Structure formats: C-alpha cells, structure tokens
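If you're wondering where the values come from, they're calculated on a predicted model, not measured in any experiment. Values below: all heavy atoms of this structure, side chains included; hydrogens, waters and symmetry mates excluded.
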Amino acid sequence: MNAYSKTPLLDTIRTPDDLRKLKIEQVRQVADELRQETIDAVSVTGGHFGAGLGVVELTTAIHYVFDTPRDRLIWDVGHQAYPHKILTGRRDRIRTLRTGGGLSGFTKRSESDYDPFGAAHSSTSISAGLGMAVARDLAGGKNNVIAVIGDGAMSAGMAYEAMNNAGAMNSRLIVILNDNDMSIAPPVGAMSAYLSRLYSGKTYRTLREAAKQINKRLPKILANRANRVEEYSRGFMMDGGTLFEELGFYYVGPIDGHNLDHLLPVLKNVRDMETGPILVHVVTQKGKGYGPAEASADKYHAVVKFDVATGTQAKAKPNAPAYQNVFGQSLVKEAQKDDKIVAITAAMPSGTGVDIFNKAFPDRTFDVGIAEQHAVTFAAGLATEGYKPFCAIYSTFLQRGYDQIVHDVAIQSLPVRFAIDRAGLVGADGATHAGSFDNAYLGCLPNMVIMAAADEAELVHMVATQVAIDDRPSSLRYPRGEGRGIEMPEIGVPLEIGKGRMIRQGNKIALLSFGTRLAECEKAADELAAHGLSTSIADARFMKPLDTELVLKLARDHDVLITVEEGSVGGFGSHVAQFLTDQGVLDTGMVKFRSMVLPDVFQDHDTPAAMYARAGLDAKGIVAKVFEALGKDVKTETVKLA
C-alpha cells in the first residue's frame with residue numbers, strides 16, 4: 001500500500017467482496033475515498049459527474065450490504081455508475097471512461113458481471129428488475145434484485161407501468177428511489193431515520209401482518225376504520241409514500257442518502273425482508289462533496305476535463321456555432337413572426353437548444369420530462385388546434401415515441417415538426433445515444449417530409465421550411481457539435497419541398513450527400529480530381545419527397561453514383577435505390593450505383609471522427625468506395641499518381 005495515497009482504504013478494495021470484509025465503522029472512510037477518486041478520475045476524462053457524486057454513499061452501502069453480483073444491482077440510466085465501476089474491479093481503467101477502447105460511460109453487460117443490465121436511456125430499471133426477479137422465482141433462486149432509479153426517470157410512464165405490474169405480482173423486488181431534486185420529501189433527519197428503521201424491521205412488519213389477520217375477523221365497519229388508522233399513521237410518518245403504497249409497494253423512507261448510520265440498517269432490514277415489492281426512498285444531493293458542483297445550477301451534470309482545485313472546465317473555444325444553438329435561435333426568429341409556434345422538449349432543453357427559445361417565449365415552451373411518447377402526442381394535440389409545435393428530441397430518444405409518430409401524427413397527417421438533434425454518430429456516449437436509425441424508421445411513413453441539414457446555414461432555412469409545412473408532419477435532422485463556420489443568413493427562407501441543390505459539377509463521378517457528410521464529400525472530390533476523376537457533388541436536402549429529377553440526372557450523366565448519409569441501412573440510400581430500380585435505370589448497367597451507410601453493428605464509443613473513419617464515411621472511405629465501384633485499387637491508383 002502506498003503510504004502517500006489519498007485513498008489508502010479504497011486501494012485495498014478490488015471487488016465488493018473486499019469491501020464486505022471491512023468493519024462497519026470503516027465504510028464511511030471508503031465512501032469519502034470513493035468520492036475523491038471519482039472527482040480525480042472525471043477531472044481527467046470528463047463525463048457525467050454530479051449524479052455519480054450524489055450516490056457515493058448509496059453505492060458503497062449497497063455493495064456492503066448486498067451480495068453483488070449474485071444480488072443483481074441495476075442502475076437506471078447508468079450515468080451515475082462511475083463510483084460503482086470503481087468498486088467493481090474497474091478502477092484501473094476508470095481514466096479510460098468514454099474514450100476509444102475504454103470503459104463505457106454507462107452500465108454495460110459485456111463490460112462486467114456487476115452490470116447485469118445495460119442502460120443509457122431512462123426508466124428501464126424496474127421493468128428489467130422485475131423480469132430478473134420473476135426469473136429467479138421461476139428458477140427457485142433466493143438472490144435479491146435491486147433497481148436504483150433517479151428522480152428524473154420517475155417522470156416516464158414506463159416506470160409506473162413496471163411498478164403497477166410489480167405491485168400486482170408481489171415478487172420480491174427492491175426499488176431504491178434516488179430523490180435528488182424532486183423535493184417531494186420532508187426534511188430528513190433522526191426521527192425519519194428511526195421510523196424508517198422501525199417499519200422496515202421485522203417486528204413492525206410482523207405486527208402489521210397480525211393486525212391484518214385480526215382485521216379479517218372484525219366486523220367490516222371496524223376493520224375499515226382500523227385500516228384507515230394504520231394508513232393515516234404511516235402516511236404521517238412517510239409523507240409522499242402513499243402513491244407507491246397504492247401501486248402495491250411497501251414504502252420505506254425518506255432517509256438521508258448521505259448518512260451511512262441511517263442507510264446501512266435500513267438496507268439490511270430491506271435485504272432480509274421475505275416479501276415484496278419494496279420501495280426505499282433515499283434523499284441525496286447531486287454534486288455532493290465537491291464545492292463547485294454543489295454551487296452550480298446544473299450540479300455539474302456533465303462536464304469536460306476540469307481543474308479539481310477550482311472546478312474550471314477546460315472548454316475549447318468553439319470555431320463555429322453549435323447546431324443546437326442555431327436551431328434555438330432560428331426558432332426564436334420564426335416565433336417572433338408567428339405566435340402559433342410552440343416548442344416541446346422531453347427533459348433536454350439545453351441539449352436541444354429549446355432553452356434559448358424558453359428565454360424568449362417561456363409561455364410557449366413545454367418541457368414534459370422524460371416522456372417522449374407523451375411529448376409526441378401532446379404535440380399532435382396542439383397541431384389539431386392550429387398551433388405549430390416543434391418537437392425537439394434527440395434521434396435516439398425519439399425511438400421511444402415511435403408508435404405515437406405513426407398512429408397519432410402520420411396517419412392523421414398532423415403538422416408536427418420534429419427537430420431531430422444528435423443525428424448520426426455522437427462520440428463518447430456510444431451506441432446507446434447514436435442517431436443511426438431515424439432516416440430508416442421515419443422514411444417508411446406516408447405523409448412525412450424528411451430533411452437533413454448539410455451545414456448550419458441550411459439548418460436556418462430548413463427551420464423556416466418546417467414552419468411553412470402546415471398540412472403534414474416534417475422532420476429535420478442535424479448532428480451534435482459545431483457547424484462549419486460558414487456565413488449565416490440573416491433570416492431563414494423556406495426551401496422548395498423535395499428539391500436538392502448542385503454543389504459542384506463534374507462528369508465522371510457523382511456524390512449525392514444527405515446531411516453533414518457533405519464536407520467529407522467535398523474533400524473526397526478534391527482527391528478524386530487529383531486522380532483525374534471529374535466529380536459532381538449534390539446535396540439532396542430532402543429524403544422524402546426525393547428529388548427524382550436530380551437523382552435521374554446524376555445517374556444518367558455519370559459513370560458512378562454514390563449516396564452518402566449518417567444513418568443505417570434502410571434510409572436515404574435505400575430510397576434512392578428503390579427509385580432507380582423502379583425507373584429501370586440500373587437495368588442497362590450504364591451507371592454503377594453504391595450507397596454508403598453506417599455499418600450494420602452497434603459501434604462502441606470513440607471520438608466522432610474516429611467512429612466515422614471506422615464506418616468508412618470519411619473522405620478516405622468515400623474515395624475508396626469510388627475506386628471499388630470502378631473496379632480499381634485505391635492504393636495502386638495513388639502509387640500511379642505519385
């Protein structure tokens with residue numbers, strides 16, 4: 001052991017088995033050292049921060065009391081699991097978080113036996129936990145299943161669907177509600193902790209069961225009165241727990257999630273309960289134990305690398321405006337001219353740029369919480385009354401509202417405007433957050449206009465176009481990060497629906513881009529020109545309706561036509577191919593057609609540039625695809641050129 005280590009006790013812990021060998025009075029020191037290690041690690045890597053700091057004591061207590069990984073521990077969303085990763089054999093890799101080949105920023109089954117369920121989207125833990133608990137019961141097992149769900153995740157309907165099912169089944173499932181800014185709990189202190197220990201203890205539960213049996217033998221009027229007395233007394237003790245009791249959960253709490261003297265005995269009582277399901281209400285503070293995070297409005301929810309002493313984040317100076325900000329500013333300008341425009345987001349106001357709109361039009365902004373299904377149908381309702389809703393949701397999260405897009409919006413041809421942020425690969429968040437599928441899952445829907453912005457100026461015009469489309473739904477996709485730094489229009493001008501644009505005219509190779517790979521197409525065209533291959537570039541702008549005139553012209557006037565998009569198979573390239581085959585263009589063999597899409601795998605996290613290079617969707621990959629279509633080897637051709 002290093003005599004100068006800031007974490008001497010933590011240094012002795014490789015897995016929770018080591019933690020469980022310690023005396024109970026040592027657990028506080030482990031938690032303090034775990035917080036220090038989390039701060040130091042995230043200062044180097046960046047990533048989600050505030051939520052992890054808030055669950056340091058809870059993480060330590062759960063692993064101390066429960067027999068993980070035999071007891072299954074599920075972290076909802078998973079972004080608060082960095083301390084969990086440090087305690088479960090991954091400390092030596094914690095400074096590789098969210099980097100290529102390193103640890104995931106979320107829980108991941110393939111990474112560790114201590115991650116029984118992968119999660120990066122919200123509100124899945126209770127459903128998964130119930131599945132595990134039922135599987136255990138069917139197999140005759142005895143292990144515990146613990147789902148830790150945060151306050152924000154409790155705003156999604158799926159959590160209540162799961163609780164309703166769990167309450168009806170009486171399966172032994174433990175749900176820990178990590179309440180870090182819901183403010184539904186009264187001040188937590190010694191009395192609350194004492195009462196929580198009392199009614200999670202066996203004596204109280206046995207007496208309660210006995211009372212129930214006696215009640216069955218009492219006249220109905222007396223039994224009902226006795227039940228009400230018990231309900232009122234528990235309601236007085238618990239506050240806030242009535243809803244969970246009505247859903248069939250045995251409610252314990254609220255307890256101070258940073259006080260191990262309160263936390264450990266309650267968790268032990270809950271562990272030893274023989275019936276279920278149980279909900280433990282734990283109150284924590286996001287960013288706990290790190291001054292700059294505690295003082296910050298967002299509690300340092302997500303950070304880049306930072307200086308531990310000051311909390312100063314090392315943000316690079318942006319060269320161009322972020323796409324989300326361009327969207328927010330454009331929507332404000334449109335809304336100044338049109339009072340029917342409203343904005344909707346599902347708990348991601350700053351991530352989508354809706355926060356900018358909210359500052360200008362607070363009464364016309366609606367953050368519905370982590371409830372994408374509701375967001376879409378809520379927008380549909382607004383559209384029926386003549387309003388112009390902009391539903392700004394990440395591509396990966398819009399997946400959660402798919403039935404509503406089909407049933408409530410598209411079939412009724414309601415003019416809901418989908419602003420789809422984080423289109424394409426997103427980098428450090430990895431496969432769970434990649435916007436890979438919206439071209440495919442929206443492209444098959446009748447009545448849908450689908451656009452992709454090639455740059456930030458196009459985004460401005462496409463927002464104006466969406467305002468003008470008032471007879472059917474529309475979607476506009478754009479990526480995470482900064483634009484290209486090009487000159488911006490003063491105002492957005494609606495585009496002609498279904499019309500692309502020529503960027504560069506050639507006569508041998510045609511590159512048809514949909515989205516922000518246009519910049520890579522331009523680099524590829526320069527390289528192809530150096531090889532003597534005259535190259536046209538077109539920006540499709542629209543996937544639906546497709547610019548069939550442009551597609552036909554490119555196919556007939558060039559030897560090779562290649563579509564390029566930041567999406568999976570089944571998207572833009574598939575629509576172009578369908579059109580070309582229907583027209584018989586490919587029957588003659590006059591043009592060699594290829595479509596470039598994301599590979600048919602879930603790509604692990606890395607920098608976006610590295611991910612696109614691996615996907616073959618950078619300039620080098622485009623050049624290689626052209627030579628492949630021509631039946632030539634790009635390396636040989638490069639040597640000839642040299």
Side-chain angles (χ1 to χ4, degrees), residues 424-425 452 454-455 457-458 484-487 499-541 543 546-567 569 571-577 579-581 583-599 608-642:
L425 300 174
D455 55 49
E458 282 288 288
R484 295 180 66 181
I486 62 173
E487 193 175 334
K499 286 294 170 190
R501 57 176 179 151
M502 287 300 298
I503 303 296
R504 189 182 299 186
Q505 188 65 57
N507 56 37
K508 184 87 173 166
I509 312 297
L511 303 177
L512 177 56
S513 173
F514 182 62
T516 56
R517 290 290 96 190
L518 182 65
E520 293 299 311
C521 287
E522 290 176 345
K523 290 180 199 168
D526 291 340
E527 190 174 331
L528 291 167
H531 285 279
L533 295 169
S534 173
T535 303
S536 292
I537 304 171
D539 172 18
R541 279 179 165 162
M543 173 173 139
L546 192 62
D547 189 340
T548 53
E549 192 180 314
L550 175 64
V551 171
L552 277 176
K553 182 169 172 46
L554 292 173
R556 287 172 178 160
D557 295 351
H558 299 81
D559 296 344
V560 175
L561 169 59
I562 293 178
T563 62
V564 187
E565 66 188 293
E566 297 153 321
V569 66
F572 175 69
S574 298
H575 282 247
V576 173
F579 169 71
L580 290 173
T581 53
Q583 295 294 309
V585 173
L586 302 181
D587 298 355
T588 61
M590 293 293 290
V591 65
K592 293 174 169 43
F593 173 73
R594 302 286 186 274
S595 65
M596 297 186 69
V597 297
L598 291 173
M611 292 177 79
Y612 278 118
R614 202 171 301 128
L617 285 174
D618 59 356
K620 185 180 175 185
I622 295 167
V623 170
K625 183 63 76 173
V626 168
F627 279 108
E628 179 193 301
L630 291 170
K632 297 178 180 179
D633 185 335
V634 66
K635 290 177 185 168
T636 309
E637 294 299 314
T638 305
V639 170
K640 279 184 194 169
L641 188 72

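Between the CZ atom in Phe572 and the CG atom in Leu546 there is a gap of 5.5 Å [rounded to 0.5 Å]. To the nearest 0.5 Å, atoms NE2 (His575) and OG1 (Thr548) are separated by 14.0 Å. Distance check, rounded to the nearest 0.5 Å: OG of Ser574 to CE of Met543 gives 8.0 Å. A distance of 8.5 Å separates CG of Leu561 from CG of Leu586, quoted to the nearest 0.5 Å. Here CG of Leu550 is found 9.0 Å from NZ of Lys553. Values are rounded to the nearest 0.5 Å. Rounded to the nearest 0.5 Å, atoms CG (Asp618) and OH (Tyr612) are 11.0 Å apart.
Taking both residues in full, the closest heavy atoms of Gly567 and Val597 are given as O-CB, 3.3 Å, listed atom of the first, atom of the second, then distance. Taking every heavy atom of both residues into account, Cys521 and Ile537 meet most closely at O-CD1, 3.8 Å. The two residues Ala457 and Ile486 have their closest heavy-atom pair at CB-CD1, 3.6 Å. Contact record, Leu518 with Ala538: CD1-O, 4.4 Å, taken as the closest heavy-atom pair. The minimum heavy-atom distance between Phe593 and Gly573, with the atom names listed, is CZ-O, 3.9 Å. The shortest non-hydrogen separation linking Ala454 to Arg484 is O-CD, 4.4 Å.
No more than 12 heavy-atom neighbours from other residues, nucleotides or ligands sit within 6.0 angstrom of CZ on Arg556. Residue-environment remark: CE (Met590) stays at or below the threshold of 12 foreign heavy atoms within 6.0 Å.
The pair Lys620-Glu527 does not count as a salt bridge, with every side-chain nitrogen at least 4.0 angstrom from each carboxylate oxygen. Salt bridge status for Lys632 with Asp559: absent, with no side-chain N to carboxylate O gap under 4.0 Å. Between Arg504 and Asp526 there is a salt bridge, with a side-chain nitrogen of the basic residue lying less than 4.0 Å from a carboxylate oxygen of the acidic one.
The closest donor-acceptor contact from the side chain of Asp547 to the backbone of Gly500 lies under 3.5 Å. Side chain of Ser536 to backbone of Gln505: no donor-acceptor contact under 3.5 angstrom is found.
Counting heavy atoms from C-beta outward, Glu520 and Val564 have side chains that stay 4.5 Å or more apart. Residues Leu554 and Met502 are in side-chain contact: their nearest non-hydrogen atoms beyond the backbone lie under 4.5 Å apart. Between Thr563 and Phe514, every side-chain heavy-atom pair lies at or beyond the 4.5 Å cut-off. At least one side-chain heavy atom of Phe579 sits less than 4.5 Å from a side-chain heavy atom of Leu552.
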Next item on the list: Begin with the C-alpha distance, continue with both residues' side-chain angles, and end with the deciding distance and a verdict on side-chain contact (heavy atoms from CB on, under 4.5 Å) for Glu566 and Thr516.
Entry: CA-CA 8 Å; Glu566 297 153 321; Thr516 56; 2.7 Å; yes
Next item on the list: Starting from the C-alpha separation in whole Å, work towards a yes-or-no answer on side-chain contact (heavy atoms from CB on, under 4.5 Å) for Met596 and Arg517.
Entry: CA-CA 11 Å; Met596 297 186 69; Arg517 290 290 96 190; over 6 Å; no
Next item on the list: Go through the steps for Leu630 and Leu533 under the test side-chain contact (heavy atoms from CB on, under 4.5 Å), then give the verdict.
Entry: CA-CA 11 Å; Leu630 291 170; Leu533 295 169; 4.0 Å; yes
Notebook entry, point to check: Is there a side-chain contact (heavy atoms from CB on, under 4.5 Å) between Asp539 and Glu458 once you walk through the steps?
Noted result: CA-CA 10 Å; Asp539 172 18; Glu458 282 288 288; 3.8 Å; yes
